[in-house]
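All ligand and atom numbering here is 1-based and tracks the order in the structure. Positions are given from 1, in the same order as the sequence printed here.
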Amino acid sequence: MRVIVTGGAGFIGSAVIRAIISDTDFEVLNLDCLTYAGNPDSLASIAGNDRYHFSRTDIRDMSAVREAVEGFRPDLIMHLAAETHVDRSIDGPADFILTNVVGTANLLEAARAYWAGLDKDAKTRFRFHHVSTDEVFGSLGSEGQFSETTPYAPNSPYSASKAGSDHLARAWYETYGLPVVTSNCSNNYGPCQFPEKLIPLIILNALEGKKLPVYGTGENVRDWLHVEDHARALIAIATRGRPGETYCVGGNEERKNIDVVRTVCAILDELAPDSPHRPHSGLITFVTDRPGHDARYAIDASKIERELGWRPRESFESGIRKTVEWYLDNRSWWERVRAGAYRGERLGLAGAV
Ligand code: NAD
């Protein structure tokens, strides 16, 4: 099987490629333009494997995307490339529209043109897997869960751009018959996550004795899934999911943000006993809330469990401990990232102070 993974130098894409190389015999082409969020260091463990290939391609560039798809001749495209940080989407939505909406349309069109030229069997086997988020469903109250039938109600420029891309993927299946499968997943955490996202930001700020910013009162609830569990779910959906279907993926591990931050602090107190910043929870600082901050996300993942036999292996407790350990053991990975364009500053206030 020949697989194109877009966004393979990102947090989840790199976990998917590491899993493909270790768990399958697939040949993989990573198609990524290496934005600030793309990091080839995250692929160092498999970069020398002869089943791994890289193409520096921007999905906003239609002719480059066509060339990459026609050149590699994939059986499967797993589309993860995106602008992904909600706070950045508040400061500058344009990049999100261009990459997430126009970029997805380019990829769907390149896939359709290539797919149309395949023989009957290859056409039937081909899959386009569109990877999306539960944020397209908006915000929940204290009860209930998102499922495959939840109506779309995105609230941020990020989630609106992802919702747009989900609708395009659906339309390419309904209109052209392109064998598309879509997944919507809850919040991921784990190794190699860019430290603007909550968990790595808290770990690194705590280690450096910086304030640990918690938006609002920290009551917002997210469902957390370890990235390697998500990678296994994505491979199952891409290879065994039914065309035209969507699959919700989640860890069934709802936590308030403030509880996540306190848990990380407690693990750091234990694993970094020489830290001059203990107890790390003393660094917690409540800051102005994100505009339009969704209150709660929760996922009913029973469809993927029932149809594809997928279940998460990590509990939040086991996964978060491993994640803190990973950041402690891989200083060079994040020191290089922190030395670059992003140093932990606050983003996404839309002009508020
Ligand atoms: P990330 O920001 O860590 O990585 C995104 C990758 O896409 C980077 O390698 C970047 O270089 C690449 N990219 C961005 N714009 C590009 C362009 N124009 N052309 C080519 N490559 C480009 O993101 P992530 O957290 O790994 O998320 C991957 C996918 O999973 C996204 O589609 C996201 O919406 C979805 N998702 C993420 C989460 C989460 O918790 N992180 C949860 C559910 C779904």
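Between Y36 and F194, the angle of the ring planes goes over 60°, which puts this pair in the perpendicular group of the 30/60° scheme.
Cation-pi geometry between R2 and F72 is met: under 6.0 angstrom from the ring centre, within 45 degrees of the axis. For the pair R321 and F316, the cation-pi test (distance below 6.0 Å, angle within 45°) is failed. In this structure, R222 is positioned above the aromatic face of Y297, its NZ or CZ under 6.0 Å from the six-membered ring centre and within 45° of the axis.
The cluster map of Ile, Leu, Val, Met, Phe, Trp and Tyr, joined by side-chain heavy atoms under 4.5 Å apart, puts I237 and I235 in different clusters.
For the residue pair D294 / N155, a side-chain donor-acceptor distance below 3.5 Å is found, with atom types taken as modelled.
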Does ligand 1 have any N/O atom under 3.5 Å from a protein N/O, and what are those pairs and their distances?
residue  : atom   : partner : partner atom : Å
ligand 1 : 2 (O)  : T84     : OG1          : 2.7
ligand 1 : 3 (O)  : F11     : N            : 3.0
ligand 1 : 9 (O)  : G10     : N            : 3.0
ligand 1 : 9 (O)  : D32     : OD1          : 3.4
ligand 1 : 9 (O)  : D32     : OD2          : 2.6
ligand 1 : 11 (O) : D32     : OD1          : 2.7
ligand 1 : 11 (O) : T35     : N            : 2.9
ligand 1 : 11 (O) : T35     : OG1          : 3.2
ligand 1 : 18 (N) : D58     : OD1          : 2.9
ligand 1 : 18 (N) : T99     : OG1          : 3.1
ligand 1 : 19 (N) : I59     : N            : 3.0
ligand 1 : 21 (N) : C33     : N            : 3.2
ligand 1 : 26 (O) : F11     : N            : 3.2
ligand 1 : 26 (O) : I12     : N            : 2.7
ligand 1 : 32 (O) : L80     : O            : 3.0
ligand 1 : 32 (O) : K162    : NZ           : 2.6
ligand 1 : 34 (O) : Y158    : OH           : 2.7
ligand 1 : 34 (O) : K162    : NZ           : 3.1
ligand 1 : 40 (O) : N188    : N            : 2.9

